Amino acid sequence: MDGTSSIIISGFSAKEAVELHRCLSKHYDINIVDDSAEVLALLDERDIDLLLCRHTKGGFDALELFRQARIMHPETVRLLAGELDRAEQEFAVKDAAIYQFVPNEWGSRQIELLVNRALENRELAYRHRHLSRELKIAEDVLRKHKVNRHSEGQGSRFERLVYCSPNMASLCNLAKKASATNLPILIQGETGTGKELMAKAIHYNSDRKEQPLLVHNCGGMSDELLHSELFGHKRGAFTGAVSDRMGLFPAADGGTVFLDEIADVSPTFQVSLLRFLQEGEVKPLGSDKIIKCDVRVIAACNQPLDTLISKGLFRQDLYYRLNGFQLNIPPLRNRIDDVEVLANFLLEKFSAESNRNILGFSPGVLEKFSYHDWPGNVRELENEIQRMIAITDNNTFITEECLSPHLAALKPRVKPRQEDDTLDGLTLKEKVEQMEARIIEETLTRLRWNQSRAAAELGLSRVGLSNKIKRYNLGAGSAVA
Ligand SMILES: Nc1ncnc2c1ncn2[C@@H]1O[C@H](COP(=O)(O)OP(=O)(O)OP(=O)(O)O)[C@@H](O)[C@H]1O
Ligand SMILES: [Mg+2]
């Protein structure tokens with residue numbers, strides 16, 4: 001149908017029916033039907049908006065027809081004409097729940113006005129129901145959003161790092177302890193997990209915070225350039241060295257140097273770095289002068305350094321020097337609890353930056369987020385949210401239609417059951433423990449490592465679940481993939 005309302009007229013004389021048809025067919029799709037069975041069949045078959053029938057004692061039984069129509073098609077408006085005694089009137093109101101009686105003396109024009117009003121009311125009632133539902137959803141989301149913003153949903157903070165997962169909480173606790181020392185720190189984690197943000201958090205949480213934090217990316221640089229950048233050079237030390245240059249280490253004296261992509265440093269330069277870490281002094285290129293500098297070094301890489309050592313690509317002694325504290329930032333897929341707090345935090349951050357007022361995420365969006373693996377980690381989440389904000393109108397919620405197609409298509413994943421053959425030859429206690437570990441791992445995998453949900457589903461406290469994860473070494477080896 002094209003939106004024109006459909007009406008059934010039944011029980012009227014041929015003359016009345018023709019007159020009603022003439023009047024109403026200007027705006028409505030009219031069906032003139034002879035008997036009740038046919039009316040009911042048409043109601044089943046098509047979307048009929050209004051039923052206009054004349055009741056005739058001993059003839060066309062509109063009352064019984066309306067009673068049945070009320071049960072099967074309650075949305076259809078019922079208008080009743082005809083001579084009715086008291087009992088029939090009562091039946092019409094109570095059992096048939098008619099919208100209105102049509103007085104006998106009314107002509108077709110008056111009936112037309114009544115039909116218009118009845119259909120308008122029906123439309124308004126429909127919209128009211130629809131909007132109330134929308135409003136209820138919005139209120140639920142808003143309530144949840146508010147709860148999130150003002151309670152645990154907001155997550156914890158370590159400087160600008162936002163998190164709520166137990167694994168990030170223990171990592172940040174360790175990072176806070178590391179901040180209080182001068183020991184070098186090695187931060188490992190996949191791309192986009194927040195290594196640089198962690199380095200900054202450590203610096204600004206340390207006694208060095210009033211001194212500089214200088215960042216250097218060691219990737220794709222020749223040794224000479226790296227030497228000049230980090231240790232400095234004298235004018236004329238090499239072609240193009242037109243003036244003296246202070247290296248990053250002396251420039252950061254008293255503060256922190258963050259060396260990103262440390263794994264890219266050549267074996268020769270690894271020796272120079274090792275010397276610096278041992279002695280705490282630098283010799284600029286082309287200079288005989290040794291400069292003492294007090295800097296805390298934080299190094300980062302997105303692959304585990306120990307695997308590079310075993311391949312002979314990274315010096316073990318330098319690794320030990322850098323590794324005063326080791327902080328392995330888990331990939332986002334292993335701390336799905338963080339996705340929601342991060343999403344809300346990033347939404348607020350980016351909306352404010354772009355002067356937009358977005359009310360929040362619909363629950364479906366957050367659910368899809370929790371099914372995703374996030375290979376680009378928090379950076380990928382940031383990009384997704386910035387894109388979604390751009391296509392969402394102000395004062396509305398971000399809905400599932402805004403999701404990138406690969407996210408919109410996601411379904412919860414269920415890990416296939418393993419064979420039970422590994423239980424052979426174990427004691428009862430060992431079997432029970434294996435089963436327990438398997439059930440916990442299955443639940444965590446299915447819930448994308450959302451530990452709060454898994455704990456709730458398994459009837460454990462979050463601490464209890466976390467202890468079991470440690471005890472059974474679940475998800476091990478994936479902290480740095
Ligand atoms: N826990 C977090 N809370 C808030 N923002 C975060 C968090 N983790 C990462 N981010 C944001 O995600 C983006 C990527 O973080 P960052 O640059 O620190 O990652 P990285 O591990 O250094 O990545 P890469 O290996 O690609 O250099 C940044 O914009 C950062 O602000
Ligand atoms: Mg980085």
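Owing to the predicted nature of the structure, the values given are computational and were not obtained by experimental measurement. Read the numbers this way: they start at 1 and go in the same order the structure lists the ligands and their atoms. Positions are given from 1, in the same order as the sequence printed here.
Residues in residues 166-179 take part in these side-chain hydrogen bond (donor to acceptor under 3.5 Å, both in side chains) pairs, two or more places apart or across chains: S165-N167.
The two residues R157 and Y163 come nearest to each other via the heavy atoms C-CE2, 3.9 Å.
Relative ring orientation between F249 and F276 is described as parallel, the plane-to-plane angle staying below 30° on a 0-90° scale split at 30° and 60°.
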Please tabulate protein-ligand N/O pairs under 3.5 Å for ligand 1, atom names and distances to 0.1 Å.
| from | atom 1 | to | atom 2 | distance (Å) |
| --- | --- | --- | --- | --- |
| ligand 1 | 1 (N) | V162 | N | 3.4 |
| ligand 1 | 1 (N) | V162 | O | 3.0 |
| ligand 1 | 3 (N) | V162 | N | 3.0 |
| ligand 1 | 12 (O) | E382 | OE2 | 3.4 |
| ligand 1 | 17 (O) | R379 | NH2 | 3.2 |
| ligand 1 | 18 (O) | K195 | N | 3.4 |
| ligand 1 | 18 (O) | E196 | N | 3.1 |
| ligand 1 | 18 (O) | L197 | N | 3.1 |
| ligand 1 | 19 (O) | G194 | N | 3.1 |
| ligand 1 | 21 (O) | T193 | N | 3.3 |
| ligand 1 | 21 (O) | G194 | N | 3.1 |
| ligand 1 | 21 (O) | K195 | N | 2.9 |
| ligand 1 | 21 (O) | K195 | NZ | 2.8 |
| ligand 1 | 22 (O) | E196 | N | 3.2 |
| ligand 1 | 23 (O) | G192 | N | 2.8 |
| ligand 1 | 23 (O) | R379 | NH2 | 3.2 |
| ligand 1 | 25 (O) | K195 | NZ | 2.6 |
| ligand 1 | 26 (O) | T191 | OG1 | 2.5 |
| ligand 1 | 26 (O) | G192 | N | 3.4 |
| ligand 1 | 26 (O) | R379 | NH1 | 2.9 |
| ligand 1 | 26 (O) | R379 | NH2 | 3.2 |
| ligand 1 | 29 (O) | E382 | OE1 | 3.0 |
| ligand 1 | 29 (O) | E382 | OE2 | 2.7 |

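Taken to the nearest 0.5 Å, the CG atom of N450 stands 9.5 Å off from the CG atom of D338.
The closest side-chain donor-acceptor pair between R122 and T76, if any, does not fall under 3.5 angstrom. Under the 3.5 Å distance criterion, with hydrogens and angles disregarded, no donor-acceptor pair is assigned to the side chains of E224 and S222.
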